[in-house]
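From a predicted model like this one, the values you see are computed outputs, not experimental measurements. In what follows, residues are counted from 1 in the order of the sequence shown. Ligands are counted one by one from 1 in listed order, and the atoms in each one are counted from 1 as well.
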Amino acid sequence: MHNTQPIGIFDSGVGGLTVWKELVNSLPNESIIYYADNNNCPYGPKKKKEIIELSSRVVDFLLSKNCKIVIVACNTATASAIEYLRSNYSAPFIGMEPAVKPAALNSKTKSIAVLATEGTFNGKLYIETSQKYAKDVELNVKVGNGLVDIVEKGLVDDLETENHLSQLVKSLIEKNIDHLVLGCTHYPFLTEKLKKVLPDKVEIVDPAPAVIKQTRRVLEQFGLLNMQNLSPSYEFYSSGKTKILKQLLKEITTKKTTIIEL
Ligand code: DGL
């Protein structure tokens, strides 16, 4: 392994771009290869076994491209597959952590909520994290039905989206929450819309910055951090259509990118 090798990152679709953006900003000398498994999106309602198979296929692809580390920029894939990946591949893996801890620590109303997919809530990681960190708060959970689809179809600015979100968070507002943890990497694309339907006091927590800090720590630990490359490359591969990927990339970055439909 050498520090000049790229970082691999994947998601079921475009959601992981919210983590990619943080990665580019925080580690600007790293070349990055992103894989969007659009053909198999969403992962949320799928069985653990299938998510393990899909994630392994993506990891094989990223490792064949010589990646030095893999960021699983998908809470659902982390919940179902990270243990398997860590025990079957020698590359280091970074997973998405549900950010229950900071939300619980900072809550004044002692009531917080997590918005995630079914697959994430069923995972051992989520159950353990919530038991460990949310002892002193009321933890409300909500499956973000339809939200991945809204982002994948480019419907974030649709009039209906705000109504849909408003319905989703209604019961959480009634619980007097003051923190909403985004437990799916697609959801930060909906942050502005969520702010419109939530009371001002509710802080929206995106775990991406913490995940990228952890990525830096692990790269340092393995002597794999690249601080010198002044012209990093940004490649994107998709197993499906790339229209929304291209559209969102235009919105979030001015960097030169290469996008390939497989
Ligand atoms: N971005 C994925 C996550 O963080 C998407 C879930 C899905 O594909 O259903 O969970």
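When only interatomic distances are considered, the shortest N/O to N/O separation between Gly44 and ligand 1 falls below 3.5 Å. Close N/O approach between Asp11 and ligand 1 is found [any backbone or side-chain N/O within under 3.5 Å].
The aromatic rings of Trp20 and Tyr234 stand perpendicular to each other, their planes meeting at an angle above 60°, with 30° marking the opposite boundary.
With a 4.0 Å cut-off on non-hydrogen atoms, Cys184 touches ligand 1 through its backbone as well as its side chain. Both the backbone and the side chain of Asn75 come within 4.0 Å of ligand 1, counting heavy atoms alone. Here Thr76 has heavy atoms under 4.0 Å from ligand 1 in both its backbone and its side chain.
Side-chain N or O atoms of Gln5 include one that pairs as donor or acceptor with a backbone N or O of Asn66 at under 3.5 Å.
Residue Lys21 places its NZ atom among 12 or fewer non-hydrogen atoms of other residues, nucleotides or ligands, all under 6.0 Å distant.
Partner of Tyr34 under the ring pair (Phe, Tyr, Trp, His ring centres under 6.0 Å) criterion, out of Phe236, Phe61, Phe10: Phe236 alone.
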Would you sort out whether Lys124 and Glu83 count as a salt bridge (Lys or Arg N to Asp or Glu O under 4.0 Å), showing the intermediate values?
CA-CA 10 Å; Lys124 203 169 92 189; Glu83 274 186 1; 2.8 Å; yes
